[in-house]
Every structure is written in C-alpha cells, then in structure tokens.
There are 2 protein chains.
Amino acid sequence: MKLKDLAQELGLSLTTVSRALNGYSEVKESTRLRVTAAAQRRGYMPNPAAKRLALGRSGYVGLVYPFGPNDLGDPSFLTVISGLRAVLEANHYELLLISEAPDDPIQSYRRVMSSGLVDGLIVARTQRHDPRLALLQEHGLPFVAHGRSELSAPYPWLDYDNELGGRLAAERLLSLGHRRIALLSADLGLTFAWQRRAGFMSALQAAQVSPQPQYLREGVFDRRSGYQAMGSLLELPTPPTAVLVDNNLSAIGVLRQIEERKLVLGRDISVIIYDALPPDTLQSKHITIVQQPDLLGAGRALAELMLRRLQGESPEQLHTLLQPLLVDGPSDGPVFSLCS
Amino acid sequence: MKLKDLAQELGLSLTTVSRALNGYSEVKESTRLRVTAAAQRRGYMPNPAAKRLALGRSGYVGLVYPFGPNDLGDPSFLTVISGLRAVLEANHYELLLISEAPDDPIQSYRRVMSSGLVDGLIVARTQRHDPRLALLQEHGLPFVAHGRSELSAPYPWLDYDNELGGRLAAERLLSLGHRRIALLSADLGLTFAWQRRAGFMSALQAAQVSPQPQYLREGVFDRRSGYQAMGSLLELPTPPTAVLVDNNLSAIGVLRQIEERKLVLGRDISVIIYDALPPDTLQSKHITIVQQPDLLGAGRALAELMLRRLQGESPEQLHTLLQPLLVDGPSDGPVFSLCS
DNA sequence: AGTATTATCCGAAGCGCTTTGATTGACAAG
DNA sequence: CTTGTCAATCAAAGCGCTTCGGATAATACT
C-alpha cells in the first residue's frame, strides 16, 4: 500500500493525496476527508525511509544507552526516559534507544552521527569533561545533555541542582549535631557526583567543619561497592556518625551493611540518600532522601528542550535547572529509621 | 559528502563507486582501493534512508522494550541483549530498542510493523497466548521469539528448557527429603513461568508427592511480592520446608524474608532460585540455582536465528533450546546457606 | 585476421515520498 | 464578453542510493 496506490484508487494525483494527508490548506475539505478515510480504511502508512529521504529528517530522537551485561543503569533514569518518550511521541518523534558498543562508547556516537539515523540525540550521565558532547558539538548534530558538563560553547541541558542537594543534606546532618560526616560519591568524573560533593563541601566549610579525607569516598556506585565502602567506614578508629550517599544503588548496600552490624539508623548512625530507592526495594521506607520530586516531569522537560532545539532555537536559552527537595521519612517515626 | 561528490572527485561514475564500496567483483582492485581510501579520507558514510529506500531493507533489528517508570525489566535479559547486539553488529545490523507505549503495548508493535523501520523484530518475554506474535505472523514481519508460545503456524524461537529446569530443582529438593515444597511463580500467563511450573509438578507427581495448593503461588515477580509471598508461606500452619523461586528478582525478597526471620538456609528451609541473582546483589553467594549457563551465548544464538530468518530461511528449523544447569553453592559450604 | 570472451566501467531507471511551478476551471470584476 | 483572481489540482523534479542493461577496451580463441 503506497501513496501511488491510494492516489490511483481515489483518482487523484500523488501530490493531492500527500497534501491531504499532511494537512495542507490548498486541498478541498471534502477531498481531504475522502483521502483520510481511504487511508484509514486501507491501513496506509507512509514509508519512513522515503519520507525521510524527501524531507531530510528522520523523526527519530536517539539515546545511546549501555546495555552491557550487568549494566542495570540508573533505575530512576528509566522514569526520566518514560517521560521523555511520552512527550516526543506526542510530537511525532520516536525515541530510539541505541545500544552502546561496550568496548568503545565513543564509536557508537560516531556511527549515529554520520549515519543520520536520528535528528537529535539525548546525552545522559554527563561527565565533567565529556568527549561525547565535544564530538557532537563539533559535528553539529542537535543534542540535549541530561546533566551539565564543561564545554566551551553554550549547549542545551537539563540538570538538577545537585550542589543545592548536597548542601541541603549536609546542612541537615550538621544541624542534627553531626560533625564526623562521610560522603560516598560515585565516580567524580561524573558531573552529578562532583556537584553533589561540591555542595556537601561548601556546607561543611560554611559550618567551619573541616571534611576529613578518610570520610570522603569515591567510586561508590553499586550495591556491592556501597556495602564495602560502608563497611570500611565503620571500621575506622573513629567512624563517622553520619553518611550522605551519592546514589541510590549503592545506598542499598550501605543500608545492608548498617543493618547487618545491628546499628540503628538515627541512633547509632544517620544516613541520607540521594535519590529515592528503586520502588520495589525492600528497605525503601522511612529514610530521609534528597529527591528530585518529579522525574517524569524532568523527562518531559528534556523532550521540550529537544523539540525546541530541533526547531532551530539556539542553545543559549535552552537550560532547565530542577530543584531537589529534602524529604523526611514519615513524621510518625524517627527521621532515620530503617524498616524493611 | 554524498556518493556523487565522491564519484566526481575520483572521476568515476556513481555506479562504480557504489560497487567498489559494497564489495562487488566487477570493479578493478586498484580502483576499489582508490575509492575506499577516498571514502575513508573524506569520512563518507552512506545515507541510511536512501540506502534503505533503494534496497528495500533497513539494516535494523528491533526489540520492543518496556521503559515504564519502575520497570527494571529482567536483569539477566540485559545480558542476552548484549550478546544479541554483538552478533547483529558483526553482521551489519543494528539493534534498536523501541520503547513500548506503556498504556497499549500492542500499539507499539502495530506502529513498528507498518512503519517498516526494522527488518525484523525480537519478541521477548513471551506469553502462552501472545497477541504480539499472532499479529506479527499475520503481518509477515520476520521475528524471533525469545521464549516459546502457543501459535498455530511454526515460528522461530529460542527458548530454555524451563520444564527440565523446574524438574531438576524439584527432584533435588525431593532427593533431600523434602515433601512440603512450595513454588513461587511469576504470572502464569508468561510461558517461562508455566513451563517451570509444569516441570516442577511432573517431578512431584513422579515422586508420588501431591502438590498442595497453598504452596503454589502465582504472580510473584519482584522483590516486594517475593518478600510478601515468602512471609505468607512461613505463616501457614504447616509451612513448606523447601521453596523453588521462579525468578531472580523476587528471590531477593524471598531471601530477605527468610533472613529477617532468622531462619538458616539449608537447615530451617531450603531454597532454590531460578536464574542467577543480579551480579551486584549482596546475597548472591552460596545458594543453589537453576541457571542458563551462558546468557551471552543465548543472545548470540538469538541473533543467529534472526539473521537466518532474514535470509529467508523458513521458520520450521529455526529453533534453539538451551539446557539449564543445577548449580550448587560452593562445595566448602552447606548447599543452601545464605551469605550476604 | 576476425570473432568471442572477459574485465571494467557507465547511463539511467527506480525505491516512495515531498514540493515547486504550472494548469485548470469557476467566478467576480471590468 | 473579456480579463483577473483564486481555489483546487496535477506533472515532474529531486532526495541519495542500488542495479539492470548496455558500452568499451583488453584479452583469448579459431
């Protein structure tokens, strides 16, 4: 079923049928109805390759995602993807998850760029010095970064105020009287980890508390490393009395470690987690977290930025900064209690 | 940089350049070298839309994947995807993850089919009566199912011998002397859950042990439901002495429940898990599992099936059945001990 | 010597769609 | 009755690539 068939069937020209279907004004309303009805009835769907060739655009927005073995990715990011997808779809773009070559991620970006498969790209999990963004900028493919990066020229981004989040958490712990506060960070090359740490440090400095090197851990990014890092913290001669955990995945391991040692949260040690735990995690209740309240909305905003970028808007204005919130556990329980 | 530019630059015709790049025999070796060198140098990449339009195929294989909020999917399946991707790529196909519309999954399949975006589709997580497969078969788009289904006509599939796995697990528990054996199944509409249960039941029947309804639970598919199901099992007047857990995600909750009740695995209760726990899970050691030893290989095999299907091979022969293995915890410890 | 092959290469058509520029007919204005 | 205007339609070119069916020159065979 091609446009030509449809035209023949209706006794119309290709041009008219095409225009009728694409909502042009210079076609009689009655004809349009005839055409759309026929298209509906015959189940006509335009050939995307042809359309794309003619139009010079694809209607796809890409997102390169690592599907390596064991790579579960960031659970909360899946929510973002969900919102992103919804808005793109409403605007006749489809979201394509492109699997990242595990050995050479940059290569995946190269291929996507030169193939012209997508009209734009979402770049997630930005690093402070991100070769992917540099590459895209050089190449000229429209992109929106999920997380900021250090880049010479302006570029569109959506980010969370991680610095504020880090500060809020630290301030809360300080106000509870803690002075020996640990911070478990993911890889500090990742922008968000760096930012959260910066906020954390600034709060400590403002309170005249000097952060101790042995309390600052880096590269803590999954259950196991969270478990280990927490273990080693607790075995220090003077262990910290409070911990801020950078990311929710490692927080699971952290909580586990605490629980196994029969420590009581809020009494023996205080913990704040950045990002809500994955929803079906068992230890998810009653714990204070720094949260981006509306991840679905973040995804939607990301899509908006991309759409505006694709419409040719220049990147200068295309920034969205979302504010985190410090969310306490339920008020009827102690602030930092663990309850599986 | 288009083919035409390249041809002009080399003083050759479009035809020759195209053929040189695509490895046709009727082009002199020296010219081919000149052409490929020039292409390399100028960074020429064929326009996929044009190529596709001319060729009538896209070079993409699709996989519709649910990216809903909170939908982490099956962790071990990500490994399969990884192997799949690798082999497809080696054969100049790219794997496209198409995000599933959360409200109406079937709709996503409809769109993919009629858009012609992909040459073939991988269908994962098959159900016993799977409308998606029926649709694809009717439409004629090549597909390979990851898991079998009840379908009138033959179709290509890769599956695991889940029935055998269920039986092996049950037999092991029986041989340990257990008679009150519970089974926690995921949704029985899913093929794998049904198959595992069938194997489980047949082993019990063969041993003259009649399965008790209250020990057979269904719809246990995530940490939380695993936790709850296990809790309710243990509170029965006569609780089971052994449990087979259908899927690894809910197993996490099951183990958690057992641990909280201070029960010792292998002494108070025996557990066998189907599929290895996610690799960074803390409770992953020392527990007996039914495992598909080589998930990466399974992904590769899936790709092979798809490639053969795309080459026009008829579905009759395109079946791969992989054998599960019963893997004990390390021999130095008790078979069913939990060690976080 | 002339003819049949073979090795290389090229022109042009075609994939299904959009879009420019032209054509037709109807109707109002002169 | 002519001319101008506008609405509705169409023919054809073009998007970048592949490929069929020649063309040409070099080589092999009678």
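Excluded from the calculations below are hydrogen atoms, water molecules and symmetry mates; all remaining heavy atoms, backbone and side chain alike, are included. Below, chain A is the first sequence line, B the second, and so on; all start at residue 1.
DNA chain C lies under 4.0 Å from at least one heavy atom of each of the following residues of residues 22-33 of chain B: B:E26, B:V27, B:K28, B:T31.
For B:K4 and D:dG16, the shortest distance from a side-chain N or O to OP1 or OP2 is not below 4.0 Å. In this structure, B:Y44 does not reach the D:dG16 phosphate: none of its side-chain N or O atoms is under 4.0 Å from OP1 or OP2. For C:dC17, neither phosphate oxygen OP1 nor OP2 lies less than 4.0 angstrom from any side-chain nitrogen or oxygen of A:S18. Distances shown here put every side-chain N or O of B:K51 at or beyond 4.0 Å from the OP1 or OP2 atom of D:dG16. Distances shorter than 4.0 Å separate none of the side-chain N or O atoms of A:S13 from OP1 or OP2 on D:dT9.
Surrounding CD of B:Q317 are at most 12 heavy atoms belonging to other residues, nucleotides or ligands under 6.0 Å away. In this structure, A:E316 places its CD atom where more than 12 heavy-atom neighbours from other residues, nucleotides or ligands lie under 6.0 Å away.
Atom pair B:M45:CE and D:dG16:P shows a separation of 17 Å (rounding to whole Å applied). Atom pair B:L12:CG and C:dC9:P shows a separation of 7 Å (rounding to whole Å applied). Between A:N47 atom CG and C:dG16 atom P there is a gap of 7 Å when expressed in whole angstrom units. Going from atom CZ of A:R57 over to atom C1' of C:dG16 covers 16 Å, rounded to whole Å. Whole-Å rounding puts the A:M1 CE to C:dC15 P distance at 15 Å. Rounded to an integer number of Å, the gap from A:L55 CG to D:dG14 C1' is 13 Å. Between B:K2 atom NZ and D:dT18 atom P the separation is 14 Å, expressed in whole Å. Protein atom CG of B:L14 is 20 Å distant from nucleotide atom P of D:dG22, rounded to whole Å.
In this pair, A:H146 and A:Y160 present their aromatic rings perpendicular. The plane angle is above 60°, beyond the 30 to 60° band.
Proximity of a side-chain donor or acceptor of B:R309 to a complementary backbone N or O of B:E313 within less than 3.5 Å is detected. Under the 3.5 Å distance criterion, the side-chain polar atoms of B:N22 are left unmatched by any main-chain donor or acceptor of B:Y24.
Two residues, A:T15 and B:R19, neighbour DNA chain C, and the one matched to the more 5' nucleotide by heavy-atom proximity is B:R19. Nearest-nucleotide positions on DNA chain C for B:G11 and B:A54 put B:G11 closer to the 5' end.
The shortest distance between side-chain heavy atoms of B:L190 and B:F221 does not fall below 4.5 Å.
Here CG of B:L302 is found 4.0 Å from CD1 of B:I122. Values are rounded to the nearest 0.5 Å.
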